[in-house]
There are 2 protein chains.
Amino acid sequence: MQRKLPQSNLYLREEELRRGIELLYFAYRDFTRDPDEILATSNFGRAHHRVLYFVGRNPETTVSGLLHQLRITKQSLSRVLGQLVEDGYIDQKPGTEDRRQRLLVLTDKGEKFEKSLFETQRNRVAEAYKKAGPEAVAGFWEVLLNIVDEQERSAVLQQIEK
Amino acid sequence: MQRKLPQSNLYLREEELRRGIELLYFAYRDFTRDPDEILATSNFGRAHHRVLYFVGRNPETTVSGLLHQLRITKQSLSRVLGQLVEDGYIDQKPGTEDRRQRLLVLTDKGEKFEKSLFETQRNRVAEAYKKAGPEAVAGFWEVLLNIVDEQERSAVLQQIEK
DNA sequence: CCTATTATGTCAACAAAGCTGACATATATT
DNA sequence: AATATATGTCAGCTTTGTTGACATAATAGG
């Protein structure tokens, strides 16, 4: 009567759920720290970083593609994207099939800047991977993927397996 | 010459590092979605949620304790904390040892509200844990902990093992 | 005991990044 | 030819972060 849950479900107790919630919070808090420091010396912020990242990752993505990944309004995106285009970090070119679309690509300048931001996060994650080992990393991916909205999982899978 | 890295380091390639970065982004994006929906029907926002969470988790925490966990300025905290106290979600009482301190605790009302927010995230994480299984969950914790700033890890450990 | 430090609070101004609503234009689609 | 879609833009507002300056009460150190 002492133990209410079967051995195999111990990881589903409140304590373990809180652990995941808190680790997610603290890890994300520190994960954004390094790029934020670089950004603080620029005219840009975290919102610009996200745009640079996804345009770099998906060259020729469209405005609506970005809107869906970022989950912000076009007015919000428009502000940061406009600044990035204005300052020569991103180029826009009309779509070939659908000429209403604006295909987005990083310029050389944009690529260089994005790379410097990415590098800090890559290093942090690489260190964490090394310390935790490959099996832990596989579990890390698996849980995160399942935290994503169910209906979005296929889109996320497509992105990460690209 | 084809394969540049030893088998055991395949998980440290750029592709796998990007995978972690992107999963962290997408998971966090959706993780905040459920409480945000509830908050949208209240007078509070995500900042209030964080305060409610940590006060609930650490009853009698101090203002400076919160400031350290949240990494915001006292002026920012003061605004949201003030609203939560004003509206009867949090009580303040003077410290017993150090009477300069204000010990923070949730009121019944605060506890009830925090619980409703927490429940949504608990459910999401519980589902993800179930789908991924206990070994994956252990890896998830391990990697996240190592993403946290090294000098903060002991504080985070103390929090999650509380 | 006196002085310095600490914990907290407060006022004011500002910045980043999100939001809604309304309306415009060019191109596709039916 | 009419409708729908992709994108852009103007205007105003909200939330949540920032800096800087200053105030008060209580603790701590010499």
Side-chain angles (χ1 to χ4, degrees), chain A residues 25 28-29 32-33 35-55 60-87 90-105, chain B residues 25 28-29 32-33 35-55 60-87 90-105:
Chain A
Y25 171 73
Y28 199 83
R29 179 194 69 183
T32 55
R33 205 177 153 130
D36 280 354
E37 268 170 33
I38 297 178
L39 289 161
T41 71
S42 77
N43 297 315
F44 301 133
R46 207 180 280 186
H48 302 86
H49 182 197
R50 288 194 284 261
V51 172
L52 287 171
Y53 181 87
F54 283 113
V55 171
E60 305 214 332
T61 188
T62 62
V63 170
S64 50
L66 263 182
L67 287 178
H68 186 253
Q69 285 192 302
L70 298 176
R71 292 262 201 287
I72 57 175
T73 61
K74 64 175 176 175
Q75 295 93 327
S76 289
L77 175 58
S78 175
R79 179 167 36 209
V80 291
L81 183 55
Q83 292 164 343
L84 290 166
V85 170
E86 168 107 13
D87 293 3
I90 287 182
D91 262 353
Q92 295 173 308
K93 52 184 186 182
T96 45
E97 287 178 24
D98 185 336
R99 287 185 306 170
R100 289 171 303 181
Q101 297 180 329
R102 305 293 195 99
L103 307 187
L104 307 172
V105 287
Chain B
Y25 170 73
Y28 199 83
R29 178 195 70 181
T32 54
R33 205 176 154 130
D36 280 354
E37 267 169 33
I38 297 177
L39 290 161
T41 71
S42 77
N43 297 314
F44 301 134
R46 209 180 278 187
H48 302 85
H49 182 196
R50 288 195 283 263
V51 171
L52 287 171
Y53 181 86
F54 283 113
V55 171
E60 306 213 332
T61 189
T62 62
V63 169
S64 50
L66 263 183
L67 286 178
H68 186 254
Q69 286 192 300
L70 299 177
R71 293 261 200 286
I72 57 177
T73 59
K74 65 175 175 174
Q75 294 92 328
S76 287
L77 175 57
S78 175
R79 181 167 33 210
V80 292
L81 184 54
Q83 291 165 342
L84 289 166
V85 169
E86 168 107 13
D87 293 1
I90 287 181
D91 262 353
Q92 294 174 309
K93 52 183 186 183
T96 46
E97 288 179 23
D98 185 337
R99 286 185 307 169
R100 289 171 304 181
Q101 298 180 329
R102 305 292 195 99
L103 307 186
L104 307 171
V105 287

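When reading the values below, keep in mind they use all heavy atoms of this one structure, side chains included, and skip hydrogens, waters and symmetry mates.
Applying the 3.5 Å distance criterion, the base of D/dG8 shares no donor-acceptor pair with the side chain of A/Gln92. The base of D/dG17 sits with one of its N or O atoms less than 3.5 Å from a complementary donor or acceptor on the side chain of B/Arg79. Between the base of D/dT7 and the side chain of A/Arg102 there is no donor-acceptor pair shorter than 3.5 Å.
In this structure, A/His48 and A/Phe44 have tilted ring planes: the angle between them lies in the 30° to 60° band.
Put simply, CG on B/Leu66 is 15 Å from C1' on C/dG9, counting in whole angstrom units. Rounded to whole Å, atom C1' of C/dA16 lies 14 Å from atom CG of A/Leu84. Regarding A/Leu81, its CG atom lies at a distance of 14 Å from the C1' atom of D/dA6, rounded to whole Å. B/Lys93 has its NZ atom 19 Å from the C1' atom of D/dA26, to the nearest Å. To the nearest angstrom, P of D/dA26 lies 16 Å from CD of B/Glu97. Between B/Arg99 atom CZ and D/dT24 atom P there is a gap of 18 Å when expressed in whole angstrom units. Counting to the nearest Å, the C1' atom of C/dC19 and the CG atom of A/Leu77 are 14 Å from each other. Atom NE2 in B/His68 sits about 13 Å away from atom P in C/dA7, given to the nearest Å.
Both B/Ser78 and B/Asp98 lie close to DNA chain C; mapped to their nearest nucleotides by heavy-atom distance, the more 5′-ward contact belongs to B/Asp98. Checking A/Lys74 against A/Thr96, the closest nucleotide of DNA chain C that is more toward the 5' end is the one next to A/Lys74.
At a threshold of 4.5 Å between non-hydrogen side-chain atoms, the residues B/Val51 and B/Ile90 count as touching.
For the OP1/OP2 pair of D/dT16 and a distance below 4.0 Å, the side-chain nitrogens and oxygens of B/Arg46 include no atom meeting the criterion. For D/dA6, neither phosphate oxygen OP1 nor OP2 lies less than 4.0 angstrom from any side-chain nitrogen or oxygen of A/Thr62.
A/Ser78 places no side-chain N or O within 3.5 Å of a backbone atom of A/Gln75 that could act as its donor or acceptor partner. Judged purely by atom type and a 3.5 angstrom limit, B/His68 has no side-chain atom pairing as donor or acceptor with the backbone of B/Gly65.
B/Thr73 comes within 4.0 angstrom of a nucleotide base, judged by non-hydrogen atoms across all strands. At the heavy-atom level, A/Ser76 lies under 4.0 Å from base atoms of the strands shown. A/His48 comes within 4.0 angstrom of sugar-phosphate atoms only, judged by non-hydrogen atoms across all strands, and of no base.
Rounded to the nearest 0.5 Å, atoms CD1 (B/Ile72) and CZ (B/Arg79) are 9.0 Å apart. How far CG of B/Leu70 is from OH of A/Tyr25: 4.5 Å, rounded to the nearest 0.5 Å.
Closest contact between the side chain of B/Arg50 and the listed nucleotides C/dG18, D/dT5, D/dG17 involves D/dG17. Checking D/dT9, D/dA6, C/dG9 against every side-chain atom of A/Gln75, the shortest atom distance belongs to D/dT9. For A/Gln101, taking side-chain heavy atoms from C-beta onward, the closest of the listed nucleotides D/dT7, D/dT27, C/dT27 is D/dT7.
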